[in-house]
Protein chains: 2
Amino acid sequence: MRNAEFDREKVLRKAMTLFMEKGYNKTSMPDLKQATGLHPGSIYCAFENKHGLLLAAIAQYKADRNVEFSQFFSTDEPVLTQFKTYLDHIVSECVSCDAAKGCLFITALYESTQADKEVQAVISENIAQWQQAIADKFKQAMTKGELSADKDHEHLARFLVMGIYGLRTFAQSHPQPEILEKLAEQLFNSICH
Amino acid sequence: MRNAEFDREKVLRKAMTLFMEKGYNKTSMPDLKQATGLHPGSIYCAFENKHGLLLAAIAQYKADRNVEFSQFFSTDEPVLTQFKTYLDHIVSECVSCDAAKGCLFITALYESTQADKEVQAVISENIAQWQQAIADKFKQAMTKGELSADKDHEHLARFLVMGIYGLRTFAQSHPQPEILEKLAEQLFNSICH
DNA sequence: ATAATACTTGAATGGTCATTCAAATAAATG
DNA sequence: CATTTATTTGAATGACCATTCAAGTATTAT
């Protein structure tokens, strides 16, 4: 017996960064070898193939985003304030120059073909879970009286997810901070008022 | 001398459909040959290379969308009603099963790399023009008294573009008509109220 | 210590792709 | 009609890529 020598999380984060920066298809095995330090054989040994590495990277991305999400909502501020901070964070990601400006869910979903039902299903499921977490927070805001109780928290969550996707996509062509901030603000207001 | 035998617009629409369905990178020259009936040499003769074909397809896509846009705003209904109809049309595109459910601007933009500044610039410009056309319509709605005059028509246009991108992206993972219609409705209301 | 097991290495393989090219063909011009 | 000029054809080219594999190596368990 023998355990893998590499740090699985580090390798997955390197891979996920490449997938976000260059896209899955244009990230070659030589690219992955260079970025991760792993030889092709090791990648195949650990992840079956390039597609398996993508799935593992998506899972890691989901785990990382989950932790991040929880952190934004673990303060003792009002839930709506937490949402605003969360949105501001996303805007700052959009205008950053590193890989975080692209969301792996979106890029992988747009790149996936009809043939790759597996990636599509995994990402849809991950998005649905994120949306549910948002819906739960909205419900919490309603029970705390921060949000009028006649709203549909699941609809609000869908609208926010839609808006965040819109922000991210809009930022791809027009990454101006002030404009994105205004858009995020109106998005927030559309939900709260 | 001699003119090309093929119908340029037809070829470009075939190519644009493939690019939307499979993505630019995964659309191979054999694919293009089969879909357009053009041999590789003809494509190179007419469009320089595959990348040139993409640029030409994007230009054709823009022209087609321009015509479409004008048609939605050439009725004698109130501008806001025209917007609602336009939005409904986009929702119906999102839930359709053909290539129209993906927008070539978005798919090509997400697929383009940092290296391909040309595609990025062309698409950004095309989006900006579309956004400006929307802004003009909002201004028109304000002068006609359909929309309160204290709004910023350019901001409204950006918000609508963002929302449409959000809708399209959201639909990629959750293409349920009723849900998308509700989202489109709230998007519309966020702008008008 | 030794055997068994699993990871690592990196060159080799086979396939696919964008692009080129030279020959063939057709239209337009004078 | 003849010449010129452009397009069409489709096979050939060269590059790149995902994947495989066999030999080497380290770790664990007995």
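Residue numbering restarts at 1 for every chain, and letters A, B, ... go by the order of the sequence lines.
- B/R158 places a side-chain heavy atom less than 4.5 Å from the side chain of A/L183.
- Residues B/L38 and B/K33 fail the side-chain proximity criterion, which asks for heavy atoms closer than 4.5 Å.
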Run the side-chain donor-acceptor check on residues 103-110 of chain B: report pairs under 3.5 Å with partners two or more places apart or on a different chain.
{"residue": "B/T107", "atom": "OG1", "partner": "B/C103", "partner atom": "O", "Å": "3.2"}
{"residue": "B/T107", "atom": "OG1", "partner": "B/L104", "partner atom": "O", "Å": "3.2"}
{"residue": "B/Y110", "atom": "OH", "partner": "A/T169", "partner atom": "OG1", "Å": "2.9"}

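- Note on B/N3: every side-chain N or O is 4.0 Å or more away from OP1 and OP2 of C/dA26.
- The NE2-P distance, from B/H39 to C/dA18, rounds to 16 Å in whole Å.
- Below 30°, between 30° and 60°, or above 60°: for A/F69 and A/Y86 the angle between ring planes is above 60°, a perpendicular geometry.
- Against DNA chain D, the stretch residues 17-37 of chain B makes no heavy-atom approach under 4.0 Å.
- Between the NZ atom of B/K50 and the C1' atom of C/dT16 there is a distance of 12 Å, rounded to whole Å.
- Listed by first and then second residue, the salt bridge (charged side-chain N to carboxylate O under 4.0 Å, His left out) pairs involving residues 50-68 of chain A are A/R13-A/D64, A/R65-A/E68, A/R65-A/E93 (not counting sequence neighbours).
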- Task: Walk me through it: do A/L53 and A/N49 pass the test side-chain contact (heavy atoms from CB on, under 4.5 Å)?
- Result: CA-CA 6 Å; A/L53 179 59; A/N49 52 27; over 6 Å; no

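- If you walk DNA chain D from 5' to 3' and mark each nucleotide with an atom closer than 4.0 Å to a heavy atom of chain A, the marks span D/dC17 to D/dT28.
- Side chains of A/W130 and A/I164 form a contact here, defined as non-hydrogen atoms less than 4.5 Å apart.
- Ring geometry for B/F72 versus B/H89: interplanar angle of 30 to 60°, hence tilted.
- Note that the two end axes of the helix from C/dA1-D/dT30 to C/dG30-D/dC1 enclose an angle of 10°, each drawn from 5 base pairs, rounded to 10 degrees.
- Looking at A/F170 and A/I179, their side chains come closer than 4.5 Å, going by heavy atoms from C-beta outward.
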Below 3.5 Å, can you tabulate the donor-acceptor pairs from side chains in residues 75-83 of chain A to any protein atom, sequence neighbours excluded?
{"residue": "A/T75", "atom": "OG1", "partner": "A/E77", "partner atom": "N", "Å": "3.3"}
{"residue": "A/T75", "atom": "OG1", "partner": "A/E77", "partner atom": "OE1", "Å": "3.3"}
{"residue": "A/T75", "atom": "OG1", "partner": "A/Q82", "partner atom": "NE2", "Å": "2.9"}
{"residue": "A/Q82", "atom": "NE2", "partner": "A/T75", "partner atom": "O", "Å": "3.1"}

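- If you take CG of B/L53 and C1' of C/dT19, they are 14 Å apart, rounded to a whole angstrom.
- Nucleotide C/dC21 holds its C1' atom 16 Å from the CD1 atom of B/I43, rounded to whole Å.
- With a 4.5 Å cut-off on side-chain heavy atoms, A/Y165 and A/I127 count as touching.
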